[in-house]
Amino acid sequence: MTNIKVRFAPSPTGYMHIGNTRTALFNWLLAKKLGGKFMLRIDDTDKLRSKEEYELSLRDSLKWLGLVWEEEARQSARFDRYNEVVEQLKKEGRIYACYETAEELEFMRKRLMNKGLPPIYDRSSLKLTAEQIAAYEKEGRKPHYRFKLVDGEIKWNDMVRGEVKYEAKNLSDPIIIREDGSYLYHLPSVIDDHDFGITHIVRGEDHVTNTASQVQMFEALGGSVPTFAHLPLLTGKEGKLSKRLGSLGVRELKAQGVEALAICSFLAKLGTSESIEPFYDLESLAQSLDLSKIGRSQPKFDVEELETFNTKFIHGAPYEYVKGRINADENFWNAVKGNLTYVQDITAWEDICHKEVAPVIEDATFTKQAADLLPPEPWNEETFNAWVNEVKAQTGKKGKDLFHPIRKALTAQENGPELKILMPLIGREKAYKRLNGITA
RNA sequence: GGUCCCAUCGUCUAGCGGCCUAGGACAUCGCCCUCUCACGGCGGUAACGCGAGUUCGAGUCUCGCUGGGAUCACCA
């Protein structure tokens, strides 16, 4: 048996958002489902754009989501290793120096496009003579490096797309080292996956052509090629995802009060043939994972749907799920949860029970009468029914006329949890005053 | 433009030639339950992008069209 290991490899150039989260989540779930390890890899090869602030935030978000990792690595700490591999591949002729400037490449691409041709690099640097190279060097030009793709068919069996095939000639040799000597993502990623023994890679389908060239890199390193799964990209309500969702960060959702597990449940099932339903622990969500149930078309992500689902998630949440996060006991939670949009809203009901409330009096005569009928304490859940029956008998009120004025006097709210639960918590003193229109 | 992917109710989808007068879930609407809201129960509205072809028969196969998306970066 091979040791299953998957990774999430964000570059710390931004905050955790819905797209990121989905990728991280699927990788994590797959690791759990297969009984493997989950690794966090910080892809910080781009020194200019990488920021510690982002990395810290990414870590926070992952932890909050529950996507904990057992192992981690950082690309900026592994340049020696990358250099070593590059030297070897240069010797093997798989990496070659190029002297075109960015402007020249840009121009070449445009020219090809205008002619209706695919903008594929023509490998002209490979044909440079020693004299030409010397001349460039003298001019002060520094080379950048490309990985040379070998001709032929590249194929792999994708866990969501099935068999995927590419013709190498339709691909450009990827640039792997910049003119300034810094690394681009492609090769380091492969070296890491190879060195750390990554067996499965789940990522967005925007990576499929990268995968094609990376398959050849894995082969060049002499290792086995991991199993790939390319997820269809999420789209937004009106088209593109990134812009609108770029602002939709995990931090914002958290601040809003959206449950981490609601986000995970939602994201894990969106775009699959399974229905989106609440999972109150990641482990069972992982067990339910089935990549073959992911559709091939792009699902629409709508924040409002997430919010609606989150509410449903809370309404169905067992006490165990919130235990430790709230002060209330199981009884109170079960009575109130159906009236909550976010877990934190429970404090509003606690306040109604324990803090001052300015009652809303609809029928002063009636509520005053009801106050006088209040039984002596101790009160329990039976108290309300006994009392309300007595009030009914004495006043002749029933139905909405009976309950509504009482509810509004006691809680100042139009609706809420069952009064029989709330009443003992409010207590006789406050109840008496509130029914008499006194803030208490 | 090249390459690749996609196209069924508002949304996510089932459907792999007859079992489809197209099924489920979410959303929505109505009714019931109920002191309110929520839950729950019952029921309703609602879809195969277009055009050819293959076939006794097409949502299902083929081709074309149209429409989306990805990629073709010295970003990841």
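First the proteins, then the strands, lettered A, B, ... as listed; each starts at 1. Keep in mind that what you see is a predicted model, and the values were worked out from it rather than measured.
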Q: Look at all strands and tell whether A/E179 reaches a base, only sugar-phosphate, or nothing, counting heavy atoms closer than 4.0 Å.
A: base
Q) Using a cut-off of 4.0 Å on non-hydrogen atoms, how would the nucleic acid contact of A/K293 be classed: base, sugar-phosphate, or nothing? A) nothing
Q) Contact class for A/I177 vs. all strands (heavy atom < 4.0 Å): base, sugar-phosphate, or nothing? A) nothing
Q.
Please name the nucleotide paired to B/C50 by Watson-Crick or G-U wobble geometry with both distances under 3.5 Å, or report none.
A. B/G64
Q) What distance, rounded to whole Å, do you find between the two C1' atoms, one in B/U11 and one in B/G51? A) 28 Å
Q: Take atom P in B/G68 and the same atom in B/C26, then report the distance between them in whole Å.
A: 32 Å
Q) Looking only at side-chain N and O atoms, does A/R111 come under 4.0 Å of OP1 or OP2 in B/G1? A) no
Q: Compare all side-chain heavy atoms of A/R7 with those of A/D193 and state whether any distance is below 4.5 angstrom.
A: yes
Q: Under 4.0 Å between any heavy atoms, over every strand shown, what does A/H144 touch: base, sugar-phosphate, or nothing? Just pick one.
A: base
**Q.** Side chain of A/S275 (C-beta onward), nearest among B/C72, B/A25, B/C37
**A.** B/A25
Q: Send over the distance from A/R296 CZ to B/U13 P, rounded to a whole Å.
A: 11 Å
Q: May I ask you to say what A/T311 touches in the nucleic acid, namely base, sugar-phosphate or nothing, with a heavy-atom cut-off under 4.0 Å?
A: nothing
Q.
Under 4.0 Å from OP1 or OP2 of B/U36: is there any side-chain N or O of A/K400 that close?
A. no
Q: Sort out the partner of B/C42 for me: Watson-Crick or G-U wobble, both distances under 3.5 Å, none otherwise.
A: B/G30
Q: Return the value, rounded to whole Å, for the distance between atom CD of A/E307 and atom P of B/C26.
A: 19 Å
(Q) Regarding A/E418, tell me which of base, sugar-phosphate or nothing describes its non-hydrogen contacts under 4.0 Å with the strands shown. (A) base
Q. Under 3.5 Å, is there a donor-acceptor pair between the A/D192 and A/Y82 side chains?
A. yes
Q) Is there a side-chain polar atom (N or O) of A/R178 under 4.0 Å from OP1 or OP2 of B/A76? A) yes
Q | A/S172, nearest nucleotide to its side chain (from B/U36, B/C6, B/C72) | A | B/C72
Q | Presence of A/T45 side-chain N/O under 4.0 Å of B/A76 phosphate oxygens OP1/OP2 | A | yes
Q) Quick one: do the A/W69 and A/E72 side chains pair a donor with an acceptor below 3.5 Å? A) yes
Q) Whole-Å distance between B/A73 P and A/E100 CD? A) 13 Å
Q: Pick the C1' atom in B/G2 and in B/C50, then give their distance to the nearest Å.
A: 26 Å
Q: Would you please determine if the base of B/A76 is stacked by A/H207, with stacking meaning a centroid separation under 5.5 angstrom and planes under 30 degrees?
A: yes
Q: Kindly point out which of B/C5, B/C12, B/A76 is positioned nearest to the side chain of A/R161?
A: B/C5
(Q) In whole Å, measure the gap between the C1' atoms of B/G23 and B/A46 for me. (A) 14 Å
Q. Are A/Y96 and A/Y145 close enough that their ring centres sit under 6.0 Å apart?
A. no
Q | A/T209 side chain, from C-beta outward: closest of B/A76, B/C74, B/U71 | A | B/U71
Q: Compare the minimum distances between each of B/A76, B/C35, B/C74 and the side chain of A/S11, then state the nucleotide with the smallest one.
A: B/A76
Q: Give the rounded distance in Å between these two atoms: CD of A/Q298 and C1' of B/U11.
A: 15 Å
Q: Identify whether any heavy atom of A/L184 sits under 4.0 Å from a base atom; if not, whether one sits that close to sugar-phosphate; answer base, sugar-phosphate or nothing.
A: sugar-phosphate
Q | Sugar-phosphate only, base, or nothing, as touched by A/D43 at under 4.0 Å among non-hydrogen atoms | A | sugar-phosphate
Q: Return the nearest nucleotide to the side chain of A/R407; candidates are B/C74, B/A76, B/C35.
A: B/C35
Q | Rounded distance in Å - CD (A/E274) to P (B/C12) | A | 16 Å
Q) Roughly, in whole Å, what's the span from CG in A/L112 to P in B/A73? A) 10 Å
Q. Can you find a side chain N or O atom of A/R109 that sits less than 4.0 Å from OP1 or OP2 on B/A73?
A. yes
Q.
From CG of A/L149 over to P of B/C72, roughly how many Å is that when rounded to an integer?
A. 14 Å
Q: Ignoring hydrogens and angles, answer whether the base of B/A76 and the side-chain atoms of A/N210 contain a donor-acceptor pair closer than 3.5 Å.
A: yes
Q) What nucleotide, of B/C74, B/C35, B/U13, holds the atom closest to the side chain of A/L419? A) B/C35
Q) With no hydrogens and no angle check, is any side-chain donor or acceptor of A/S11 less than 3.5 Å from a backbone partner on A/D44? A) no
(Q) Side chain of A/F403, heavy atoms from C-beta onward: which of B/C35, B/C74, B/U13 has the nearest atom to it? (A) B/C35
Q) Can you tell me how far C1' in B/C5 sits from the matching atom in B/A52, rounded to whole Å? A) 24 Å
Q. Between B/C48 and B/C4, how far is it from one C1' atom to the other, in whole Å?
A. 25 Å
Q) Expressed in whole Å, how much space separates the C1' atoms belonging to B/A7 and B/U45? A) 24 Å
Q. How would you label the contact of A/L402 with the nucleic acid (heavy atoms, under 4.0 Å): base, sugar-phosphate, or nothing?
A. nothing
Q.
Does this structure show an ion pair linking A/K142 with A/D180, if we count only N-O contacts that are shorter than 4.0 Å?
A. no
Q.
Using atom P in both nucleotides, what's the gap between B/A47 and B/G24 to the nearest angstrom?
A. 14 Å
Q. Does a side chain donor of either A/S124 or A/E100 reach within less than 3.5 Å of an acceptor in the other side chain?
A. yes
Q: May I ask you to check whether A/F313 and A/F266 place their ring centers less than 6.0 Å from one another?
A: no
Q. Just checking A/G416: base, sugar-phosphate only, or nothing, at a heavy-atom cut-off of under 4.0 Å?
A. base
Q) Whole-Å distance between B/U36 P and A/L422 CG? A) 16 Å
Q) Among B/G2, B/A76, B/U3, which is the nearest nucleotide to the side chain of A/Y166? A) B/U3
Q | A/Y99 and A/E137 side chains, donor-acceptor separation under 3.5 Å | A | yes
Q.
Heavy atoms from C-beta onward define the side chain here; which of B/C74, B/G1, B/U11 lies closest to that of A/M113?
A. B/G1
